[in-house]
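First comes the structure, then the notes that go with it.
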Amino acid sequence: MSKAILIPGKEKRVYSRHPWIFKSDIDRLEGECAPGEVVDIVSSRGRFLARGFYNPSSQIALRIMTYREEPVDRAFIFRRVHEAVEYRRAFADLRSCRLIFAESDRLPALIVDSFGDVLVLQCLALGMEQFKQDVVDALVEELHPAGIWERNDVPVRRLEGLEMQTGLLYGSVPDRVEMTENGIRFLVDVKEGQKTGFFLDQKENRAAIAPFVRGKRVLDCFTHTGSFALHAGHYGAAEVTGVDISDYACAFAAENARLNGLEDRIRFVTANAFDLLAEKSRAGEKYDVIILDPPAFTKSRTTVESARRGYKEINLRAMKMLPPGGYLITCSCSQHILPSVFQDIVREAASDARVLLRQVEFRTQGRDHPILPSAPETQYLKCGIYQVFPV
């Protein structure tokens with residue numbers, strides 16, 4: 001087997017159990033190795049450290065698969081898929097959860113989401129792509145889905161030397177799949193919707209809003225296909241307004257509301273949430289609960305400052321629109337905005353809005369998106385529930 005020899009001192013990253021090694025950390029490669037193949041990762045003194053995929057085209061040149069000298073083959077993939085599913089059997093509804101969360105499940109760059117009896121697969125690294133059929137076979141053996149759909153239409157694949165593609169990998173998959181989350185029915189567009197069609201990472205956070213919305217007037221900004229809005233309606237909100245910039249998303253959300261008999265209490269408005277918040281704030285309009293669940297405002301460290309300004313603006317506007325004792329449920333899925341940074345942004349917004357915040361909870365992604373303490377990148381979602389008082 002070929003060997004990737006690390007620069008002296010760079011083995012500390014492996015000892016810390018971070019699953020990535022960058023191209024700049026590698027001194028040299030010994031032996032013939034095609035891109036995407038498995039290599040031994042070795043210290044400058046020749047000590048075996050780990051085994052992983054090698055891709056010279058990627059800045060993340062090595063993705064660690066195992067810290068043992070064991071074959072990385074079909075049987076290995078089957079074991080890892082089984083372990084990932086078995087972990088979720090302890091607490092999750094396997095028809096509504098993330099089954100495989102990449103590095104956190106020791107299957108780098110591999111995402112598998114479950115919606116009803118359909119699975120959606122996303123593979124973002126060349127090495128894992130070469131085991132894609134083994135992953136499909138393992139999922140079929142483990143779960144017997146009706147179909148598996150590939151959503152590899154992600155630009156980051158090009159950085160790995162991979163083409164973007166979508167299509168059927170197994171069985172049959174309809175254009176829309178129905179699933180149930182927290183007792184609420186949702187239609188999911190697995191073929192054309194954002195990411196894999198639905199954001200499962202907020203499932204536990206959406207359930208957590210139940211005590212705060214009953215009988216209340218709720219505004220859900222960046223509603224997408226209505227997930228938070230429908231939860232608010234399901235948990236007894238008197239009136240819910242969902243806002244999204246996409247006509248398609250709002251129409252889809254309204255269809256989900258009708259599916260649950262909630263169309264009388266929930267309406268969806270196509271609008272830019274920034275503009276709508278500014279307009280309603282200036283008009284003095286009030287809501288008992290405001291939910292902010294925007295898309296990532298930054299996907300690189302270079303744009304963190306502009307993202308901070310965006311998060312501060314929407315939180316400040318929302319705080320001004322809450323009555324004394326109202327609730328702000330505010331989220332960020334930007335990986336480069338660390339939890340402590342997001343909390344600082346919310347505090348700064350509260351200071352400028354001249355309100356006092358009482359933190360009820362500060363949450364992260366659901367347990368089906370487990371976090372590796374050794375890899376901070378695996379914790380990306382922040383969800384704060386705050387009660388707001390004037391000062």
Side-chain angles (χ1 to χ4, degrees), residues 1-7 10-23 25-58 60-89 98-112 119 121-145 148 150 152 157 160-162 169-170 370 372 374-375 378:
M1 183 174 290
S2 300
K3 296 179 181 179
I5 314 298
L6 302 187
I7 293 170
K10 296 300 183 180
E11 64 271 9
K12 291 178 182 177
R13 191 173 182 85
V14 184
Y15 294 143
S16 74
R17 295 298 182 256
H18 196 289
W20 298 345
I21 298 173
F22 296 101
K23 186 187 294 187
D25 295 340
I26 301 171
D27 179 36
R28 66 190 186 277
L29 195 71
E30 290 185 354
E32 295 295 324
C33 176
E37 287 189 359
V38 177
V39 301
D40 280 350
I41 301 163
V42 179
S43 74
S44 58
R45 296 184 176 182
R47 179 182 177 184
F48 173 87
L49 299 172
R51 192 164 279 175
F53 298 131
Y54 174 67
N55 186 357
S57 299
S58 174
I60 305 173
L62 292 166
R63 295 178 186 265
I64 294 173
M65 291 293 289
T66 178
Y67 296 94
R68 300 177 181 178
E69 295 184 72
E70 60 181 323
V72 177
D73 53 15
R74 180 178 171 87
F76 177 96
I77 297 296
F78 268 63
R79 286 197 303 275
R80 287 286 167 88
V81 170
H82 171 74
E83 289 164 2
V85 174
E86 197 63 21
Y87 160 69
R88 288 155 178 84
R89 283 197 170 106
R98 175 151 291 181
L99 293 171
I100 297 175
F101 185 42
E103 279 77 356
S104 291
D105 284 303
R106 300 175 299 160
L107 289 164
L110 178 68
I111 298 294
V112 180
L119 308 182
L121 180 149
Q122 198 169 70
C123 185
L124 306 179
L126 177 60
M128 188 56 70
E129 179 81 11
Q130 309 212 43
F131 284 95
K132 185 168 67 178
Q133 189 58 52
D134 293 324
V135 171
V136 169
D137 293 344
L139 289 167
V140 170
E141 180 177 288
E142 196 74 32
L143 295 160
H144 311 291
I148 302 177
E150 175 179 23
N152 283 326
R157 277 174 60 93
E160 289 278 322
L162 293 166
L169 296 175
Y170 171 81
L372 295 181
S374 59
T378 60

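Along the sequence shown, the residues carry numbers beginning at 1. The basis for the numbers below is simple: all heavy atoms, side chains too, and nothing from hydrogens, waters or symmetry mates. Everything numeric in this text was worked out from a predicted model, so none of it was measured.
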Next item on the list: Scan L139, L143, V112 and name whichever one has a side chain to side chain contact (heavy atoms under 4.5 Å, CB included) with I148.
Entry: L139

Note to self: Under a 3.5 Å cutoff, is there a donor and acceptor pairing between the side chains of E160 and N55?
What the structure shows: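 N55 and E160 do have a side-chain donor-acceptor pair below 3.5 Å.
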
Residue pair [X] / [Y], side-chain heavy-atom distance below 4.5 Å:
{"X": "N152", "Y": "E129", "answer": "yes"}
{"X": "Q122", "Y": "E150", "answer": "no"}
{"X": "E30", "Y": "M1", "answer": "no"}
{"X": "L62", "Y": "W20", "answer": "no"}
{"X": "F131", "Y": "V72", "answer": "yes"}
{"X": "E37", "Y": "F53", "answer": "no"}
{"X": "D105", "Y": "E83", "answer": "no"}
{"X": "V81", "Y": "I77", "answer": "yes"}

How long is the straight-line distance from [atom2] of [Y] back to [atom1] of [X], given to the nearest 0.5 Å?
{"X": "D25", "Y": "I60", "atom1": "CG", "atom2": "CD1", "result": "11.0 Å"}
{"X": "S57", "Y": "L126", "atom1": "OG", "atom2": "CG", "result": "7.5 Å"}
{"X": "S44", "Y": "L6", "atom1": "OG", "atom2": "CG", "result": "8.0 Å"}
{"X": "I21", "Y": "R13", "atom1": "CD1", "atom2": "CZ", "result": "8.0 Å"}

Margin query: Apply side-chain contact (heavy atoms from CB on, under 4.5 Å) to residues I26 and I7 and explain how you reach the verdict.
Written below: CA-CA 6 Å; I26 301 171; I7 293 170; over 6 Å; no

Non-hydrogen atoms of [X] and [Y] that approach each other most closely:
{"X": "F101", "Y": "T378", "answer": "CE2-O, 3.7 Å"}
{"X": "P108", "Y": "M65", "answer": "CD-SD, 3.1 Å"}
{"X": "S43", "Y": "L49", "answer": "N-CD1, 3.6 Å"}
{"X": "R63", "Y": "A109", "answer": "NH1-CB, 4.1 Å"}
{"X": "A50", "Y": "I64", "answer": "CB-CG2, 3.9 Å"}
{"X": "D134", "Y": "F78", "answer": "O-CE1, 3.5 Å"}

Notebook entry, point to check: Can you list the residues that meet the ring-ring contact (aromatic ring centres under 6.0 Å, His included) rule with Y54, with sequence neighbours excluded?
Noted result: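 Result, ring-ring contact (aromatic ring centres under 6.0 Å, His included) vs Y54: none returned.
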
Closer than 3.5 angstrom, by distance alone: can the side chain of [X] be matched with the main-chain N or O of [Y] as a donor-acceptor pair?
{"X": "R80", "Y": "F76", "answer": "no"}
{"X": "S104", "Y": "P370", "answer": "yes"}
{"X": "R157", "Y": "C123", "answer": "yes"}

Checklist line | Partners meeting salt bridge (Lys or Arg N to Asp or Glu O under 4.0 Å) with R89 (sequence neighbours left out) | finding: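 By the salt bridge (Lys or Arg N to Asp or Glu O under 4.0 Å) rule, R89 matches E86, E142.
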
Checklist line | side chain to side chain contact (heavy atoms under 4.5 Å, CB included) against A102, all qualifying residues, sequence neighbours excluded | finding: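 For A102, the residues satisfying side chain to side chain contact (heavy atoms under 4.5 Å, CB included) (neighbours in sequence not counted) are I111.
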
Notebook entry, point to check: Passes side-chain contact (heavy atoms from CB on, under 4.5 Å), H82 versus E141? Steps please.
Noted result: CA-CA 9 Å; H82 171 74; E141 180 177 288; over 6 Å; no

Next item on the list: Please say whether more than 12 non-hydrogen atoms of neighbouring residues, nucleotides or ligands are located less than 6.0 Å from NZ in K23.
Entry: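 Buried by this count: over 12 neighbours within 6.0 Å.
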
Check: Under 4.0 Å between a Lys/Arg side-chain N and an Asp/Glu carboxylate O for K10 and D27?
Finding: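 No, K10 and D27 are not salt-bridged.
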
Note to self: Under 4.0 Å between a side-chain nitrogen and a carboxylate oxygen: does that hold for E11 and R47?
What the structure shows: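 Salt bridge flag = no for R47 with E11.
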
Next item on the list: Start with the C-alpha distance between L110 and V135, add both sets of side-chain angles, then the distance that settles side-chain contact (heavy atoms from CB on, under 4.5 Å), and finish with yes or no.
Entry: CA-CA 9 Å; L110 178 68; V135 171; 3.8 Å; yes

Checklist line | Ring-face cation contact, Y67 with R17, 6.0 Å cut, 45° max | finding: yes

Next item on the list: For a salt bridge (Lys or Arg N to Asp or Glu O under 4.0 Å) with D40, tell me which candidate from R68, K3, R51 qualifies.
Entry: R51

